[in-house]
Amino acid sequence: MLYIGVDLGTSAVKLLVMDQNGKIVKIVSKEYPLFFPHPGWSEQNPEDWYEKSLEGLEELLEGCDKSEVAGISFGGQMHGLVTLDENDKVIRPAILWNDGRSTEEVAYLNETIGKDVISSYTANIAFAGFTAPKILWMKKNEPENFAKISKIMLPKDYLAYMLSGSFCTDVSDASGMLLMDVKKRCWSQEMLKICDITEDQLPKIYESYEVVGTLKPEIAARLGVSEDVKVIAGAGDNAAAAVGTATVGEGMCNISLGTSGTIFISSESFGVDEYNALHSFAHSDGNYHLMGCMLSAASCNKWWSEDILKTADFAAEQAGITKLGENNVFYLPYLMGERSPHNNPDARAMFIGMSMDTTREDLTQAVLEGVTFGLRDSLEVAKNLGIKLERTKVCGGGAKSPLWKRMIANIMNLKVDVIESEEGPALGGAMLAAVGCGEYPDVKTIADKIVKVVETIDPEPELVAKYEEKYQKFRKIYPTVKELF
């Protein structure tokens, strides 16, 4: 049988089809625009997601035995606010995860209502990227649109709704809305009251591997597949990537170098970071996870190379970097503000430490190191919680860089396990589809069978020591310049 995974990203949708043994048959990607109507704002049109996903599905299935397609599931960008009216029309462009407009609403939730109170309802505090502050922003700034809301959903759930008609979400994605009681895996009635919405406006919550419906007849006909193709709830992109990298069960770690950057630590038990720097979310394997999230990761390198250096040859730009641990230039990776651990949408990127002998390679190296240092900030929080890690998986576009993976190993002082397929959320979505269709009994079973480690990058003691010194300098920069933002 064949299983489809749809990774609804920020810049493109990636679609993947695999067979029951985990062999990837084909991958298709379709880009769509991203809009920045005001500084710090970030929006997309949900209709673009749907149109490009359907185009991608048609192309994906060309040459495949369409009668073999059994299920489809998703990984998707988290936190985005998608609102539909009573006629199922999109009310306004989706407000995305990296949008920073809701500063006042975040302050209201964390300071007026209180972090302890919000955390007791949801296991998390408010961040500008989360969905609940966006709802409050919409209520205050667009009351006419707020009054039209019939359905509130997340980006990937809009796709599921359009494909199946099922108004659904999953526990991992819903965890990032700041509307769900993560421990109990249900909507928080207290948060609904605070946001002035009803449970009827919110989707039904499923486990990530549960079937939510089947394809609409007209969709099945357009794709040339059976109307019995199951649609499975899917997961937020990081939880889906965790499935695709076998970061399931107790004490596993995955670092994602995508548009955003995350450090994802799986756990079989519920836990909350008392510092509120890490997110406490439900996991797509039926358990829980802690996660630190940077708003700009591989996007920093993309910006630096494509927009500033005017080249897309990332490998060539990194080829001349040889003096690891010796760079005197530092880079703060806060192009869109920052979430973990600083929770500051006003933070901005900067270079510091340049001199007349600074080279192009030094600056490129500083960008890669700055992102890794930023991820280590979240790792340090996890260490303070008593979490002990020895190794991590790595995925995302940045994981294609051998240099960057070596930096992670030495800056984090972790063994980096490179897996055979670095397709992350798309592969995780296809794996969740296989579980939902009964091909495998649970997420851990399919992860253990399909995900294969092909290389391990070990930390180098001398380099670890050099980077330790550099990191201790890096961590002083943000507190020093914070007031400038």
Side-chain angles (χ1 to χ4, degrees), residues 3-8 70-76 78-79 122-124 131 153-161 163-188 199 202-214 229-250 252 254 264-271 279-291 424-450:
Y3 301 96
I4 297 172
V6 181
D7 173 18
L8 186 71
I72 180 171
S73 191
F74 315 89
M78 297 178 68
H79 315 301
T122 68
N124 297 278
T131 317
M153 59 183 73
L154 294 159
K156 77 165 190 343
D157 302 326
Y158 175 76
L159 277 188
Y161 184 63
L163 293 176
S164 71
S166 175
F167 185 32
C168 61
T169 190
D170 85 286
V171 290
S172 69
D173 218 356
S175 294
M177 296 181 78
L178 205 69
L179 296 173
M180 190 179 95
D181 181 330
V182 172
K183 185 175 184 179
K184 296 179 180 176
R185 298 167 108 86
C186 65
W187 297 121
S188 164
E199 193 162 342
L202 293 171
K204 181 180 176 181
I205 301 174
Y206 291 84
E207 292 294 332
S208 302
Y209 45 79
E210 288 187 314
V211 177
V212 301
T214 55
V229 171
K230 292 180 173 64
V231 177
I232 288 81
D237 51 6
N238 292 295
V243 173
T245 58
T247 309
V248 298
E250 180 62 33
M252 302 294 284
N254 180 54
F264 184 112
I265 303 168
S266 61
S267 174
E268 292 179 355
S269 58
F270 172 77
H279 308 325
S280 178
F281 290 168
H283 193 1
S284 50
D285 65 355
N287 296 311
Y288 298 91
H289 71 270
L290 290 173
M291 183 175 72
L427 179 59
M431 291 165 67
L432 290 170
V435 174
C437 290
E439 189 76 55
Y440 293 86
D442 52 52
V443 174
K444 191 170 189 315
T445 301
I446 188 173
D448 288 344
K449 177 175 180 180
I450 286 179

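All figures in this text were calculated on a predicted structure; none of them were measured in a lab. Along the sequence shown, residues are numbered consecutively beginning with 1. Computation of the quantities below employed the complete heavy-atom set of this structure, encompassing side-chain atoms and omitting hydrogens, waters and symmetry-equivalent molecules.
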Excluding sequence neighbours, so at least two apart, what forms salt bridge (charged side-chain N to carboxylate O under 4.0 Å, His left out) with Asp448?
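Lys444.
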Of all residues at least two apart in sequence or in a different chain, which pass the salt bridge (charged side-chain N to carboxylate O under 4.0 Å, His left out) check with Asp170?
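With sequence neighbours excluded, Asp170 shows a salt bridge (charged side-chain N to carboxylate O under 4.0 Å, His left out) to Lys156, given in chain and number order.
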Under 3.5 Å donor-acceptor, Ser166 side chain and Val212 backbone:
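Side chain of Ser166 to backbone of Val212, a donor-acceptor pair under 3.5 Å: yes, one is there.
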Return the [atom1] to [atom2] distance between [X] and [Y], rounded to the nearest 0.5 Å.
| X | Y | atom1 | atom2 | value |
| --- | --- | --- | --- | --- |
| Leu202 | Cys168 | CG | SG | 13.0 Å |
| Ser188 | Met180 | OG | CE | 10.5 Å |
| Asp285 | Tyr209 | CG | OH | 8.0 Å |
| Ser284 | Ile232 | OG | CD1 | 13.5 Å |
| His283 | Ser267 | NE2 | OG | 10.0 Å |
| Leu427 | Leu432 | CG | CG | 9.5 Å |

Quick one: closest heavy-atom pair of [X] and [Y], and the distance?
| X | Y | answer |
| --- | --- | --- |
| Ala174 | Thr169 | CB-CG2, 3.9 Å |
| Ser164 | Ala160 | OG-O, 2.6 Å |
| Cys437 | Gly71 | SG-CA, 3.7 Å |
| Ala240 | Gly75 | CB-CA, 3.7 Å |
| Asn254 | Thr247 | CB-OG1, 3.2 Å |
| Asp442 | Thr445 | OD1-OG1, 2.6 Å |

Test log, rule side chain to side chain contact (heavy atoms under 4.5 Å, CB included), inputs Val171 and Ile205
CA-CA 6 Å; Val171 290; Ile205 301 174; 3.6 Å; yes
Among residues at least two apart in sequence or on other chains, which ones pass side-chain contact (heavy atoms from CB on, under 4.5 Å) with [X]?
| X | answer |
| --- | --- |
| Lys204 | Tyr206 |
| Ala123 | Val182, Phe270, Val272, Ser280 |
| Asp237 | Gln77, Met78, Pro425 |

Kindly determine whether Leu178 and Thr131 satisfy side chain to side chain contact (heavy atoms under 4.5 Å, CB included), including the steps that lead there.
CA-CA 7 Å; Leu178 205 69; Thr131 317; over 6 Å; no
Intermediate values then yes/no, side chain to side chain contact (heavy atoms under 4.5 Å, CB included), Ile446 and Tyr3
CA-CA 13 Å; Ile446 188 173; Tyr3 301 96; over 6 Å; no
Listed partners of Phe281 passing ring-ring contact (aromatic ring centres under 6.0 Å, His included), at least two apart:
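Result, ring-ring contact (aromatic ring centres under 6.0 Å, His included) vs Phe281: His279, His289.
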Side-chain contact, heavy-atom cut-off 4.5 Å: Leu154 with Phe74?
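Side-chain contact under 4.5 Å: no.
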For side chain to side chain contact (heavy atoms under 4.5 Å, CB included), just list the numbers for Met431 and Val435, CA-CA rounded to whole Å, side-chain angles, deciding distance to a tenth of an Å, and then say yes or no.
CA-CA 6 Å; Met431 291 165 67; Val435 174; 5.8 Å; no
